[in-house]
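Order of listing sets the numbers, starting from 1, for every ligand and every atom in it.
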Amino acid sequence: MLKQIKGLHHVTSLASSAPDNNAFFTNTLGLRRVKKTVNFDAPDVYHLYYGDEVGTPGSVMTYFPFPNAARGKRGVGEVGVTYFSIPRGSASAWAERLATFDVNGITQDIRFGQSRVLFDGPDGERFALVELDDDRAPWTGGGVSTDMGIRGFQGADMRIADGGATSELLQFMGYEVFDTQDNVTRFIVPDGNAANVIDIETLPNAPAAASSAGSVHHIAFAVENRARQLEVREALLDTGYQVTPVIDRDYFHAIYFRTPAGVLFEIATNEPGFDRDEDTAHLGEALKLPSRHAHLRETLEATLVPLP
Ligand code: ZN
């Protein structure tokens, strides 16, 4: 069993409108946009990153907004709900705030003894805000008060027709079974970061997901550095997974592999981080381009929809 993986690093999803996506995460949820760049493989599309002050691994929600993309179909073989951490006692205030922003699908429940508010993002993706003891500093954009502010991820749930192989994989990656409630089994990384929860929701008769706007594209797990990443890569290869070479994503290094249930996993390094090319005080303001796309700046600045 691996010890190098510490919980989530980031979650990356697909969207249909950069302005709507940007407004939802920076105003409605009050997160900080920590990077405004473009998709490495489709540079005419933004890659937007939202998180805490510096984009700490375990806080970073990222999006590829493909303009006017059709909405994906939710089902098994994907991440279903992404969980953020909020202060104890703030769930009802969040439910009220989300309602004032005309957010869809607002419900409240208790899962594994934790009070939650669930709601839809702008493309129908599902989120939960979970009341937790958590000493991470919140980011309080959009007029969110400190006693409500989001502190990063708690984790995510995966919807799977047969959770057996994914359960084995998570335990190989260092997760331990915490508890089971109804058809959901919770896994936690001991000694992980604060985003150390993965739930597997077993839905044997649900249709397969179809990926498009509102779908999670991949879920990334954090390792400290490139040496730890290479250890994980070797171990996954030895176990029979098809793992990509290490790819430089400018703000972290990444490897990718697909799980038996079809979910795309990434292992990402905590270094170098989002302040490698701009000051912490101004993160996310300027359009940053990967060096291979630097020559496209004039075209991209003329064609990408401006964001506040
Ligand atoms: Zn990623």
Side-chain angles (χ1 to χ4, degrees), residues 4-15 18 21 25 31-43 45-52 54-66 69 72 77-80 82-84 121 123 125 127 152-153 155-158 169-170 173 193 195-196 198 209 211-226 228-230 232-233 236 241-259 262-277 283-284 288-290 292-293:
Q4 295 91 338
I5 293 168
K6 298 302 180 188
L8 292 186
H9 185 288
H10 63 270
V11 176
T12 294
S13 295
L14 306 175
N21 186 259
F25 284 93
L31 299 179
R32 187 181 198 193
R33 191 176 71 219
V34 293
K35 197 61 65 182
K36 181 170 74 172
T37 181
V38 297
N39 185 315
F40 273 83
D41 302 314
V45 171
Y46 275 123
H47 192 182
L48 302 174
Y49 292 75
Y50 311 100
D52 66 5
V54 295
T56 306
S59 80
V60 185
M61 186 76 219
T62 101
Y63 274 89
F64 300 130
F66 287 86
E78 67 174 357
V79 171
T82 303
Y83 310 153
F84 291 100
D123 288 296
E125 64 270 58
F127 295 105
F153 294 128
D157 102 324
M158 292 190 283
L169 170 62
L170 286 174
M173 290 169 61
N193 63 23
N196 63 348
I198 294 287
S211 182
S212 191
S215 302
V216 172
H217 182 267
H218 64 267
I219 182 168
F221 298 86
V223 290
E224 192 60 35
N225 55 41
R226 297 184 68 185
R228 300 288 88 77
Q229 182 179 54
L230 289 175
V232 171
R233 184 171 185 275
L236 289 166
Y241 284 96
Q242 303 285 321
V243 188
T244 67
V246 176
I247 300 172
D248 182 353
R249 292 305 190 194
D250 282 346
Y251 309 105
F252 47 86
H253 285 79
I255 58 175
Y256 304 85
F257 65 103
R258 205 166 282 281
T259 70
V263 182
L264 185 60
F265 275 16
E266 174 183 340
I267 310 291
T269 57
N270 288 351
E271 57 187 24
F274 295 98
D275 57 358
R276 69 175 286 273
D277 61 356
L283 283 180
K288 293 297 183 182
L289 297 177
R292 80 172 80 150
H293 298 315

Open item on the list: Which label fits Tyr251 and Tyr49: parallel for a plane angle under 30°, tilted from 30 to 60°, or perpendicular past 60°?
Closed with: perpendicular

Open item on the list: Can you list everything that forms a salt bridge (charged side-chain N to carboxylate O under 4.0 Å, His left out) with Asp277? Sequence neighbours excluded, please.
Closed with: Lys35

Task: Nearby protein N/O/S atoms (those under 2.8 Å) for the Zn ion (ligand 1), with water ignored - done: His10 NE2, His218 NE2, Glu266 OE1

Task: Arg228: partners by salt bridge (charged side-chain N to carboxylate O under 4.0 Å, His left out), with sequence neighbours left out - done: Glu231

TODO: Under the side-chain contact (heavy atoms from CB on, under 4.5 Å) rule, collect the residues that match up with Val54, sequence neighbours excluded.
DONE: Asp52, Thr56, Thr280

Task: Check: Phe64 ring centre within less than 6.0 Å of His47 ring centre - done: yes

Open item on the list: Using the ring centroid of each side chain, check whether Tyr241 and Phe265 are separated by less than 6.0 Å.
Closed with: no

